[in-house]
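Structure first, then comments.
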Amino acid sequence: MQNEIRVRFAPSPTGYLHVGGLRTALYNFLYARKTGGKFLLRIEDTDRNRYVEGAIENLISALQLCGIDYDEGPEKEGEVGPYLQSARTEIYQKYIKILLEKDAAYHCFCSSEDLDKMRQQQKEQGLDPRYDGRCRKLSQQEVEKRIAAGESYVIREKTPETGEITFYDIVRDKVTIPWETVDDQILMKSDGFPTYHLANVIDDHLMKITHVIRGEEWLSSVPKHLFLYQALSWKPPKLAHLPLLLNEDKSKLSKRQNDVAVEDYLQKGYLPEALINFIALLGWHPAKDKEIYSLEELKKEFSLKRISKAGAVFNVEKLDWMNGQYLRNLSLDRIAEAAKPFFAEAGLDTSNTEKYKKVIDLVRGRVHTLQQIPNAAIVFYQQPQLDAAKQEVADKESSQQVYKFWLEKLPNLDIDSSKQINTAIKEISQETGVKGKNLYMPLRVALYGDFHGPEIPELIQILGKDETLARVEKLLK
RNA sequence: GUCCCGUUCGUCUAGUGGUAAGGACUCAGGAUUUUCAUUCCUGCAACAGGGGUUCGACUCCCCUACGGGACGCCA
């Protein structure tokens, strides 16, 4: 068990699950499943200003919907909990003390205003905005005095001022960063809560995390983290920084340009199966040239070594195609179930299960999202409205003739037999002399309300004999 | 601005010194379909640029350009 792989997804509860976060969670999850390791969920809720009611539940349910379950986490306590950072503050206090003792951290009494001013000045002078270390050299006595006087303070990391650090990343290989460009990061805020950097390192260690798989935006803070591991004499985990998910213009995927919440995509009618498949292939590629992967298959195929380095544009067109694939190939029951909320939203009644399933089966191959299904299905629940062009077709003499013959023949047909229906159509053609477009268009207009659409027998089989007769009759002059 | 990371068809990508640079989405054309959708076939389309190294570079090294990320008492 010593060598068991342990990974984690550590989101902050900002209200929704970001698709980038979903991918990070997915890769962690897949790696754990592939290797027989453990996947933990840890909530990074150390910023009480950003706390959002219900966000944690939301996060968990979004993961669940996508088939990602965790082995340890909130509501699933393991041995290294609690899994909410807000419940771990004493732990951080303890290690801050150690860091202070080891001279790896120091008190800083600069106020936010001081810092803002400092950065402003640095900017004006064309310097890089970073902490100038003015509290770094405060004497022990002075620190104690100012604390006693009730001054508010933060704890900063005392990173080296010279030299450089080199570390290995599974995705990027060797990365070297000069220490002089690494800021004295705040580890503990004046409210006593840790920042990400502190909490993250401590928790990863205490939770025995072996691999940190996270977004590339963290790559430049790695030295700050490694410094802490070193100061505490801890062995750092292996690192894998994932390429970013991008907008069309190649900037980091953002709300301004895209839907970013998993729930947005679900609400738009993308199946979780499709979303997962799509996102898995954004920044990772299996050894084979295959595109459609179930979660089970991904668990078998996944490998950190095949993660790519460059950012990936979130291309909705391909998602649409992929969702279409899932719409067609998943079981009818699954799709029927998934489409229900969309019917409810459209005010369509699904209580006639037999009819509902027939409708879904007919329509699912013609759309790309669940959301488009009700619109394509509505004619099976309501009389189609004909616009002028369609009415004109219905009014044509040849159409009227076709309708007349239909009303005669239909009552005697077994409509479950597509063959009988097709035969009848041929007979009508012979009897009326109408054929091709003029034969089929009026029928489709009458039954479906459009020039283009499903085949006539399928339409009749869903509508039933009575409704079919009624719709044709209605157009007869 | 500084540091870091990146760069193969429009997009997602395969490729690891010798390939006609492969697949997928999109798009175009065709076949099937009474129509539409589906499906199938065909086609268009890429190694950012410049130097090296090498018998030989998409693959290795350097420089340039471009793109992105990080520089918060946010994560």
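Using cut-offs of 30° and 60° for the angle between ring planes, the A:Trp284 and A:Tyr293 rings count as perpendicular.
Remark: A:Lys252 is in phosphate contact with B:A70, judged by side-chain N or O atoms under 4.0 Å from OP1 or OP2. Put simply, A:Lys189 has a side-chain N or O that comes within less than 4.0 Å of OP1 or OP2 on B:C74. A sub-4.0 Å separation between OP1 or OP2 of B:U11 and a side-chain N or O of A:Lys250 is present.
Interatomic distance, A:Tyr92 OH to A:Thr195 OG1, rounded to the nearest 0.5 Å: 10.5 Å.
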Interface polar pairs with nucleotides 2-6 of chain B, N/O, under 3.5 angstrom:
| from | atom 1 | to | atom 2 | distance (Å) |
| --- | --- | --- | --- | --- |
| B:U2 | O4' | A:Asp128 | OD1 | 3.2 |
| B:U2 | O4' | A:Asp128 | OD2 | 3.4 |
| B:C5 | O2' | A:Arg172 | NH1 | 2.6 |

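Of the candidates B:G15, B:U35, B:A70, B:A70 carries the atom nearest the A:Glu217 side chain, counting heavy atoms from C-beta on.
Regarding A:Asp289, its CG atom lies at a distance of 8 Å from the C1' atom of B:A24, rounded to whole Å. Atom CG of A:Asn375 is separated from atom C1' of B:A37 by 15 Å (rounded to the nearest Å). For A:Asp183 and B:A70, the CG to C1' distance is 11 Å, given to the nearest whole Å. Taking atom CD of A:Glu458 as the reference point, atom C1' of B:A37 lies 11 Å away to the nearest angstrom.
In terms of position along RNA chain B, the nucleotide closest to A:Ile456 lies nearer the 5' end than the nucleotide closest to the other residue of the pair A:Ile456 and A:Lys224. Nearest-nucleotide mapping onto RNA chain B: of A:Leu281 and A:His452, the residue sitting toward the 5' end is A:Leu281.
Against RNA chain B, the stretch residues 108-121 of chain A makes heavy-atom approaches under 4.0 Å through A:Cys110, A:Ser111, A:Ser112, A:Leu115, A:Arg119. If you check residues 315-327 of chain A against RNA chain B, the residues with a heavy atom closer than 4.0 Å are A:Asn315, A:Glu317, A:Lys318, A:Trp321, A:Gln325, listed by number.
Minimum heavy-atom separation, A:Val212 to A:Pro237: CG2-CG, 3.5 Å.
Heavy atoms from other residues, nucleotides or ligands lying under 6.0 Å from CD of A:Gln230 number 12 at most.
Nucleotide B:U35 has no partner under the Watson-Crick or G-U criteria, as no pair reaches both atom distances under 3.5 Å.
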